[in-house]
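Quick note: numbers below take in every heavy atom, side chains included, and nothing from hydrogens, waters or symmetry partners.
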Amino acid sequence: VSWNAMIATYAQNGHEEDALKVFQQMQQKSVKPDRITFVNIIGACANMLALAEGKVIHARVVADGLKSHIVENALLSMYGKCGSIEDARREFDKMCWWDVVSWNSIIGVYARNGYAESALELFGQ
């Protein structure tokens with residue numbers, strides 16, 4: 001079974017802490033994560049509302065040069081779920097282009113965190 005499959009299975013089935021443990025084991029064995037690894041582990045951080053861990057993962061994504069549109073969308077969602085509106089907006093603004101996932105994510109960030117007017121303004125764009 002691949003590392004990504006294990007991380008994804010844990011992360012998507014309510015076992016986020018186990019996903020993080022597998023990710024740590026992966027690092028200990030010097031196995032390089034890829035974009036899929038990061039999308040899943042960022043999702044686990046989001047579900048646990050683990051902002052500090054999410055920021056560490058974000059730094060690792062940047063250091064490894066693995067930022068991509070799908071990773072950016074995952075980061076945007078994670079920051080929003082963790083209540084870090086400023087970080088979510090910064091990520092959104094740095095994106096080269098936005099798709100429906102990006103727009104839905106940033107609108108959801110504002111709506112979820114009590115900024116309905118800002119969410120509606122973005123929806124109008």
Side-chain angles (χ1 to χ4, degrees):
V1 178
S2 78
W3 292 98
N4 282 346
M6 290 175 58
I7 290 170
T9 299
Y10 282 134
Q12 295 170 11
N13 289 289
H15 300 280
E16 293 86 359
E17 289 181 16
D18 290 325
L20 285 173
K21 286 178 188 173
V22 171
F23 181 70
Q24 291 167 350
Q25 290 171 357
M26 185 177 173
Q27 292 178 14
Q28 291 167 353
K29 295 191 182 286
S30 299
V31 177
K32 287 195 73 157
D34 60 17
R35 288 176 176 90
I36 301 304
T37 311
F38 283 121
V39 166
N40 283 301
I41 208 67
I42 290 166
C45 291
N47 290 340
M48 293 187 326
L49 305 179
L51 181 60
E53 289 87 346
K55 285 185 174 194
V56 170
I57 299 298
H58 185 175
R60 175 77 189 272
V61 166
V62 173
D64 288 357
L66 290 174
K67 212 161 188 193
S68 68
H69 193 68
I70 190 169
V71 173
E72 289 173 327
N73 277 331
L75 287 166
L76 174 59
S77 179
M78 185 269 300
Y79 282 126
K81 285 182 180 179
C82 291
S84 187
I85 299 165
E86 298 83 15
D87 287 322
R89 185 58 196 235
R90 190 175 322 107
E91 284 307 304
F92 182 79
D93 290 341
K94 285 194 290 187
M95 295 172 84
C96 293
W97 57 279
W98 304 290
D99 60 10
V100 70
V101 174
S102 311
W103 281 106
N104 283 339
S105 293
I106 196 65
I107 290 167
V109 165
Y110 283 101
R112 187 179 309 108
N113 288 286
Y115 295 93
E117 284 185 35
S118 296
L120 288 172
E121 284 177 26
L122 285 167
F123 183 75
Q125 293 181 10

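Counting all heavy atoms, side chain and backbone alike, Lys81 lies closest to Ala46 at CD-CB, 3.8 Å. Across all non-hydrogen atoms, the minimal contact from Ala88 to Gly80 is CB-N, 4.0 Å. Between Asp87 and Ser84, the closest heavy-atom pair is OD2-OG, 2.6 Å.
Taken to the nearest 0.5 Å, the OG atom of Ser2 stands 8.5 Å off from the CE atom of Met26. Between the NZ atom of Lys55 and the NE2 atom of His58 there is a distance of 10.0 Å, given to the nearest 0.5 Å. Rounding to the nearest 0.5 Å places CG of Leu76 at 4.5 Å from OG of Ser105.
Clustering of Ile, Leu, Val, Met, Phe, Trp and Tyr side chains at separations under 4.5 Å places Val101 together with Val100.
Hydrophobic clustering of Ile, Leu, Val, Met, Phe, Trp and Tyr side chains at less than 4.5 Å, counting indirect connections, keeps Leu49 apart from Phe23. Hydrophobic cluster membership differs between Ile42 and Val56, with clusters built from Ile, Leu, Val, Met, Phe, Trp and Tyr side chains linked at under 4.5 angstrom. Under the 4.5 Å side-chain heavy-atom criterion for Ile, Leu, Val, Met, Phe, Trp and Tyr, Ile41 and Leu51 are members of the same hydrophobic cluster. Clustering ILVMFWY residues whenever any of their side-chain heavy atoms sit less than 4.5 angstrom apart, transitively, puts Val62 in a cluster other than the one holding Phe38. Two different hydrophobic clusters hold Ile36 and Val61 under the rule that ILVMFWY side chains link at heavy-atom gaps under 4.5 Å.
The shortest side-chain heavy-atom distance between Glu53 and Glu16 does not fall under the 4.5 Å cut-off. Counting heavy atoms from C-beta on, the side chains of Val71 and Leu66 never come closer than 4.5 Å.
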Residue pair Leu20, Cys45: steps toward the side chain to side chain contact (heavy atoms under 4.5 Å, CB included) verdict
CA-CA 8 Å; Leu20 285 173; Cys45 291; 4.2 Å; yes

Assess whether side chain to side chain contact (heavy atoms under 4.5 Å, CB included) is satisfied between Met78 and Ile57, documenting all intermediate values.
CA-CA 11 Å; Met78 185 269 300; Ile57 299 298; over 6 Å; no

Go through it in stages, so that I can follow the logic: the residues are Arg90 and Tyr79, the test is side chain to side chain contact (heavy atoms under 4.5 Å, CB included), and I'd like the CA-CA distance, side-chain angles, deciding distance and then a yes or no.
CA-CA 10 Å; Arg90 190 175 322 107; Tyr79 282 126; over 6 Å; no

Applying side chain to side chain contact (heavy atoms under 4.5 Å, CB included) to Glu72 and Ser102, what does each step give before you reach the verdict?
CA-CA 9 Å; Glu72 289 173 327; Ser102 311; over 6 Å; no

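Within 6.0 Å of the CD1 atom in Ile70, the count of heavy atoms belonging to other residues, nucleotides or ligands does not exceed 12. The number of heavy-atom neighbours closer than 6.0 Å to NZ of Lys21, taken from other residues, nucleotides and ligands shown, is 12 or below. No more than 12 heavy atoms of other residues, nucleotides or ligands lie within 6.0 Å of CD in Glu17, so this atom counts as exposed by the packing criterion.
Checked for salt-bridge contact, Arg89 and Glu86 miss the test: no charged N lies under 4.0 Å from a carboxylate O.
The salt bridge (Lys or Arg N to Asp or Glu O under 4.0 Å) test applied to Asp64 returns Arg60, not counting sequence neighbours.
Listed by first and then second residue, the side-chain hydrogen bond (donor to acceptor under 3.5 Å, both in side chains) pairs that reach into residues 31-40 are Asn4-Asp34, Asn4-Thr37, Gln12-Asn40, Asp34-Thr37, sequence neighbours excluded.
Using a 30° and 60° split on the angle between ring planes, His15 and Tyr10 fall in the perpendicular class, above 60°.
Within the 3.5 Å criterion, the main-chain N or O of Phe92 finds a donor-acceptor partner in the side chain of Trp98.
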